[in-house]
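Read the structure below first, then the notes.
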Amino acid sequence: MVFAAIFVAAAAGVHFTVVALIEHQTVSRLSDVARAGIRSVIFVRNGFVIDRAEIANKQLLTREQGLQWFDRQGNVLGEEGFVPAAGTRRGFNTVTTEILNPHSRQPVGLVKASESNTQERADIWYLDAGLFFGALLATGASAAGGVALARRAVQPVERSFETLREFTDNAAHE
């Protein structure tokens, strides 16, 4: 049971570490996509327009990524790539970045980079399954090894008892 607890604790540590790394990579990747979305903005007075000719995001966007531009009131001004439906967050990772007017440094809108997290969830499921079966296998192997070592450790004691029993039988017979 102690070995099983150790293996489960180690598996939990591996799980949380790998998930944190995946989340960090996702946020970093989506932040890059959001910054690319900001580069396609042309500032006009107190707002902005999207320069469709300047959208360099096509080199950055994968099939499962998308960009959305919003004004200060939250109205969608444009979309590029694979974006979630309005009000949908489940199944997507998103990073939202403010668009600041370079002259006034005032926020004029938002750009939201998003991507489907279907593959990420599948990868985590495979990780968890591997950790579960690995911990199960390691627990079984350590139990079998423990039984074998215990038997080997008991053999000298059994021989001593057998010798003592033979001596006692011989002494009683004499």
Side-chain angles (χ1 to χ4, degrees), residues 2-139 141-142:
V2 172
F3 280 127
I6 291 170
F7 294 139
V8 167
V14 169
H15 167 84
F16 289 119
T17 301
V18 170
V19 168
L21 286 171
I22 289 172
E23 288 174 356
H24 176 73
Q25 289 175 343
T26 299
V27 168
S28 178
R29 183 174 53 254
L30 288 176
S31 294
D32 290 345
V33 173
R35 281 192 296 277
I38 291 173
R39 285 195 299 269
S40 63
V41 168
I42 298 174
F43 295 96
V44 290
R45 293 189 189 148
N46 293 331
F48 67 94
V49 294
I50 303 162
D51 183 5
R52 295 283 177 191
E54 181 55 34
I55 297 180
N57 310 331
K58 291 182 181 174
Q59 291 85 19
L60 292 173
L61 296 174
T62 66
R63 256 187 20 243
E64 291 90 23
Q65 290 179 334
L67 281 167
Q68 291 177 300
W69 292 267
F70 299 89
D71 63 12
R72 280 186 290 208
Q73 291 76 35
N75 300 317
V76 178
L77 297 178
E79 296 180 338
E80 181 71 32
F82 183 61
V83 295
T88 303
R89 286 210 36 148
R90 186 178 174 136
F92 286 89
N93 295 320
T94 61
V95 168
T96 303
T97 304
E98 275 190 326
I99 301 172
L100 300 176
N101 185 313
H103 304 294
S104 66
R105 302 303 298 163
Q106 296 297 316
V108 293
L110 301 170
V111 63
K112 180 167 73 171
S114 57
E115 72 180 6
S116 171
N117 64 10
T118 305
Q119 184 61 48
E120 179 181 308
R121 285 184 288 143
D123 291 344
I124 292 171
W125 187 88
Y126 287 125
L127 170 70
D128 289 344
L131 289 172
F132 173 77
F133 289 115
L136 198 61
L137 181 65
T139 301
S142 65

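The basis for the numbers below is simple: all heavy atoms, side chains too, and nothing from hydrogens, waters or symmetry mates.
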Say whether, by atom type as modelled, one donor and one acceptor occur between the side chain of S31 and the main chain of V27 under 3.5 angstrom.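 A pair under 3.5 Å: yes.
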Is it the case that the side chain of W69 and the backbone of G37 share a donor-acceptor pair, with hydrogens and angles ignored and the cut-off at 3.5 Å?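 Pair found, side chain donor or acceptor close to backbone of G37.
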With rounding to the nearest 0.5 angstrom, report the [atom1] to [atom2] distance, [X] to [Y].
| X | Y | atom1 | atom2 | value |
| --- | --- | --- | --- | --- |
| R35 | S40 | CZ | OG | 14.0 Å |
| R105 | E98 | CZ | CD | 10.0 Å |
| L67 | I38 | CG | CD1 | 9.5 Å |
| F3 | T139 | CZ | OG1 | 9.5 Å |

side-chain contact (heavy atoms from CB on, under 4.5 Å) against [X], all qualifying residues, sequence neighbours excluded:
| X | result |
| --- | --- |
| F132 | L136 |
| Q73 | D71, N75 |
| L30 | T26, Q65, N93, V95, A113, E115 |

Going by side chain to side chain donor-acceptor pair (under 3.5 Å), name the residues that satisfy it together with S116, two or more places apart in sequence or in a different chain.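 Once residues adjacent in sequence are excluded, the partners of S116 under the side chain to side chain donor-acceptor pair (under 3.5 Å) criterion are T118.
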Contacts of type side chain to side chain donor-acceptor pair (under 3.5 Å), residue Q119, not counting sequence neighbours: D123
What pairs of donor and acceptor atoms, side-chain ones from residues 9-22 against any protein atom, are under 3.5 angstrom apart with sequence neighbours left out?
{"from": "H15", "atom 1": "ND1", "to": "D128", "atom 2": "OD1", "distance (Å)": "2.6"}
{"from": "T17", "atom 1": "OG1", "to": "G13", "atom 2": "O", "distance (Å)": "2.8"}

Any side-chain heavy atom of V111 sitting closer than 4.5 Å to one from F70? no
Nearest heavy-atom neighbours spanning F48 and G109: CE2-CA, 3.9 Å
Give me the atom names and distance for the closest heavy-atom approach of P107 to R72. O-CD, 3.3 Å
Enclosure of F43 CZ (heavy-atom neighbours >12, cutoff 6.0 Å):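 Yes - once you tally the heavy atoms of other residues, nucleotides and ligands closer than 6.0 Å, there are more than 12.
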Please step through ring-ring contact (aromatic ring centres under 6.0 Å, His included) for the pair F82 and F92, ending with a clear verdict. CA-CA 10 Å; F82 183 61; F92 286 89; 5.5 Å; yes
